[in-house]
Amino acid sequence: MIGKLFILNLKALLSGIFRIGSGKSGKLRISFVIYVGLALVLSFFMLFYALFSSICQAFFDSGLGFMYFATLGTLIFGLCVISTMFAASAMVFGAKDNELLLALPIKPSHILISRLMALLASEYGVALLACVAAFLPWVAGGYATGIGIVFLVLGTLLLPPMALSVALFLAWILSSVSTRLRHKNIISLAISISFFLAYMYFYMNLQGYMNQLMANGQELAEAFKRAMPPFYAFGASIANADFARFFIFFVWAVTPFVLALMLLGAKYGQVLTSSKGVPKTAYKERDIPAKTQLRALVGKEMAKFWSRPMVVMNSSIGSVFLLLSPLALVPQAGIMQQIETFSQMLNIPISVMFAAILAFLGSANTLSASLVSLEGKSLWIVKSVPIASKTILQAKIITHLLVSSIPCLFASAFFSLSGSAGDALLIFIVPQTAIVFMANLGIAINLFFPKLDWTNETYVVKQGISAMIALFGGMALFAGLGILYALALSSVLPATLFLWICAIVFAIVGAAAYSWLMKRGAIMFSELS
Amino acid sequence: MLKIERLTKKYGDKRAVDNLSLTIKAGEICGFIGHNGAGKTTTIKAVCGILGFDEGEIWIGGSSVKKEPLKCKKITAYVPDNPDLYEFLSGMQHLGFIADAFGISGSERKKKIDQYAQMFELSGDLASPVSSYSHGMKQKLALIAALIHDPKFLVFDEPFVGLDPKASRMVKDLMREKCNNGGAVFFSTHVLEVAERLCDKVAIIKGGRLAAYGSMEEVKGDSSLEDVFFELEGDPK
């Protein structure tokens with residue numbers, strides 16, 4: 001039964017990506033999805049490989065080989081915890097089919113194990129990528145040993161369960177907090193953002209930590225050994241082929257997982273059936289102001305957006321960054337220095353750098369690419385009332401613009417303070433055109449890859465193919481434009497002019513996508529069921 | 001009020017509804033009966049403009065569902081068999097959204113909401129999120145939302161599932177009242193006794209095709225609707 005439940009959970013995870021119709025067009029879309037998936041895997045692999053190939057020789061030649069694998073261990077652990085925590089909260093504690101499964105003659109512990117297996121499967125994907133990326137420079141540099149390779153494989157297999165036990169603990173806190181409070185969404189969102197910012201702070205300072213480590217190797221290595229013993233044991237066991245260290249790591253990795261399984265397994269049925277319910281709100285009679293259809297639809301979309309921290313965190317992370325971006329202007333943060341250095345190195349005006357960064361952050365929001373799918377099983381409501389499909393799509397575009405444009409205008413105001421009027425125009429307009437472009441394109445993508453039968457929003461905003469295409473497609477587009485300018489156009493075209501041309505292209509393509517949405521897109525939406 | 005002509009809906013090669021034709025005049029309640037998977041919900045969704053169809057035509061109040069869907073929806077009320085409502089809104093916000101969709105003024109919507117919420121004993125829960133509602137409460141909210149624009153034509157898919165006896169009785173009274181005021185009702189049900197007592201017309205669907213259709217007297221004759229249904233289905237009672 002556990003196996004069948006595992007397959008069921010895995011299907012739910014994968015259906016967000018692969019269940020996109022049948023027939024010839026369905027097969028074409030599946031091929032497209034596979035290509036996009038492979039491109040994503042390759043991108044992540046290259047990212048990891050670039051990191052490990054840059055630190056491998058330095059660590060091993062300075063006698064700090066263990067730190068190379070400790071970095072790998074920390075990276076896998078951190079990524080697994082972050083990528084699983086919210087999914088675990090939704091799948092393990094808040095899945096819509098919990099009640100259905102509890103009503104069947106299945107042990108609650110088996111339901112739990114099947115869900116954990118699905119989460120572990122996704123964690124192993126991340127672990128494998130990072131492990132191979134670290135393995136190649138290690139072997140190529142001639143530092144690998146037979147025992148080390150065996151420990152690397154075994155250690156990589158043990159890291160995801162260890163990460164999962166921590167993710168489960170955090171998910172349980174998140175779930176407990178969110179079910180007992182009236183303003184649970186705000187609190188969940190605050191917790192999520194705090195956690196994310198802490199991670200980003202660590203990630204942004206990673207290079208600094210690395211430099212410090214190189215400079216004060218032994219001293220910091222000792223500190224690391226004391227502060228993070230499991231990762232020290234993981235690193236030392238592989239780098240030095242040390243059996244004793246591997247045993248210590250084994251205990252560190254297995255103990256929390258076994259404890260989590262025992263505790264949660266024994267109490268899982270109780271956890272799922274001890275719902276405290278939602279506090280009842282007293283109804284007071286009052287006038288109900290009428291709104292236009294468009295305003296009502298936008299209000300509905302915004303209410304849906306704010307109701308789910310998972311949706312906010314996954315589909316509008318660019319807005320979070322945009323709201324925080326003025327902090328970069330604080331000299332103590334050191335970010336301005338880096339931007340200025342890049343600006344001088346590439347011979348690009350600082351205002352162009354600001355505009356490009358804000359445009360990139362603004363286009364990192366993938367909300368529009370999920371808004372059609374997020375209608376889910378409630379789609380019948382908007383289809384049964386006398387609202388034209390194009391009005392529904394317009395409301396979705398406006399929702400994306402509200403979520404993205406306002407934080408972007410806020411950020412633009414700060415970044416344009418010290419420049420000329422022309423600079424300010426660039427900093428205000430270019431990011432907005434990128435946002436308009438993404439708003440329209442995202443909805444068009446979602447109409448081609450709708451996913452309406454989800455049981456949890458995670459499948460749409462995190463694993464949904466349209467969200468993935470929008471996110472990584474946007475990144476690839478910006479990277480492509482940067483490379484195009486750096487390699488081919490920088491000698492013939494000033495950076496400011498190039499950015500204005502980009503803005504015009506974004507605006508034209510955005511307008512064309514809008515026009516398409518109002519005609520063919522509206523028909524496609526009306527055919528959804 | 002409703003005219004369905006040679007309606008056909010295919011899912012791949014399977015004909016979920018096959019060449020179905022029926023008419024409901026103003027003042028009539030028509031029950032739609034059939035076993036699970038017979039094509040009832042598909043027909044109802046096609047009537048409400050939620051699901052496209054491959055062949056045939058549907059008219060509501062003289063307007064084509066295909067050509068003038070918004071005009072048809074303005075006079076129609078639809079309640080699905082399993083009302084998946086906006087769980088992130090409160091009951092009142094949900095009703096407000098539906099009222100905005102139909103362009104109902106502030107004073108009119110307040111009057112209607114107060115009237116129906118009191119009738120279905122839901123007034124005290126309207127400020128609570130829909131996610132906290134039971135199935136029956138969601139069904140009641142879906143009914144209030146369907147009635148808020150004073151529709152002429154009611155289309156209900158299994159409207160009595162999840163309702164308490166008092167609310168069921170009210171829905172039946174509302175259906176009859178609507179017909180007495182010149183409206184019409186088309187609803188599916190598995191409760192044959194209810195259909196027999198309430199309906200002026202009955203349509204029995206089997207394998208996507210209309211197996212029997214006409215006034216209640218024409219269809220059942222001297223036997224009961226249950227006997228006719230099982231006879232048509234070819235199942236012994």
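Basis for what follows: all heavy atoms, side chains included, without hydrogens, waters or symmetry-related copies.
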Could you list which of residues 380-388 of chain A have a heavy atom closer than 4.5 Å to any heavy atom of chain B, in residue-number order? A:Trp380, A:Ile381, A:Val382, A:Lys383, A:Ser384, A:Val385, A:Pro386, A:Ile387, A:Ala388
With a 4.5 Å cut-off on heavy-atom pairs, point out which of B:Ile50, B:Ile104, B:Thr76, B:Leu89 contacts chain A the most.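 If we count pairs closer than 4.5 Å to chain A, B:Ile50 comes out on top.
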If you count heavy-atom pairs under 4.5 Å with chain A, which of B:Ile113, B:Val155, B:Leu51, B:Asp114 comes out on top?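 So the answer, after comparing B:Ile113, B:Val155, B:Leu51, B:Asp114, is B:Asp114.
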Can we say B:Glu55 and B:Lys10 salt-bridge, meaning some charged N sits less than 4.0 Å from an Asp/Glu carboxylate O?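 Between B:Lys10 and B:Glu55 there is a salt bridge, with a charged N closer than 4.0 Å to a carboxylate O.
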Salt bridge or not for B:Lys178 and B:Asp150, using N-O below 4.0 Å? yes
Which of parallel (below 30°), tilted (30 to 60°) and perpendicular (above 60°) describes A:Phe448 and A:Trp516? parallel
Find the one option among A:Glu375, A:Arg295, A:Gln293, A:Lys304 whose heavy-atom pairs under 4.5 Å with chain B are most numerous.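 Between A:Glu375, A:Arg295, A:Gln293, A:Lys304, the count favours A:Lys304.
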If you tally heavy-atom pairs under 4.5 Å against chain B, which of A:Ala296, A:Gly376, A:Ser378 wins?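 Highest number of heavy-atom pairs under 4.5 Å: A:Ser378.
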Tell me, which pairs form a ring pair (Phe, Tyr, Trp, His ring centres under 6.0 Å) where one or both residues lie in residues 118-157 of chain B, sequence neighbours left out?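 Pairs touching residues 118-157 of chain B that pass the test: B:Phe102-B:His149.
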Looking only at side chains, do A:Asn446 and A:Ser373 share a donor and an acceptor under 3.5 Å apart?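 There is such a pair between these side chains.
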Any side-chain donor paired with an acceptor under 3.5 Å for B:Thr41 and B:Asp157?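 Per modelled atom types, B:Thr41 and B:Asp157 side chains form a pair under 3.5 Å.
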Flag, side chain of B:Thr42 to backbone of B:Ala16, donor-acceptor distance under 3.5 Å: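 No.
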Within a radius of less than 6.0 Å around NZ of B:Lys152, do more than 12 heavy atoms belonging to other residues, nucleotides or ligands occur? no
Does NZ belonging to B:Lys110 count more than 12 external heavy atoms closer than 6.0 Å? yes
Under 4.5 Å from a heavy atom of chain A, the part of B:Ala101 involved: both
Structural part of A:Leu528 lying under 4.5 Å from a heavy atom of chain B: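 For A:Leu528, the backbone is the part near chain B, not the side chain.
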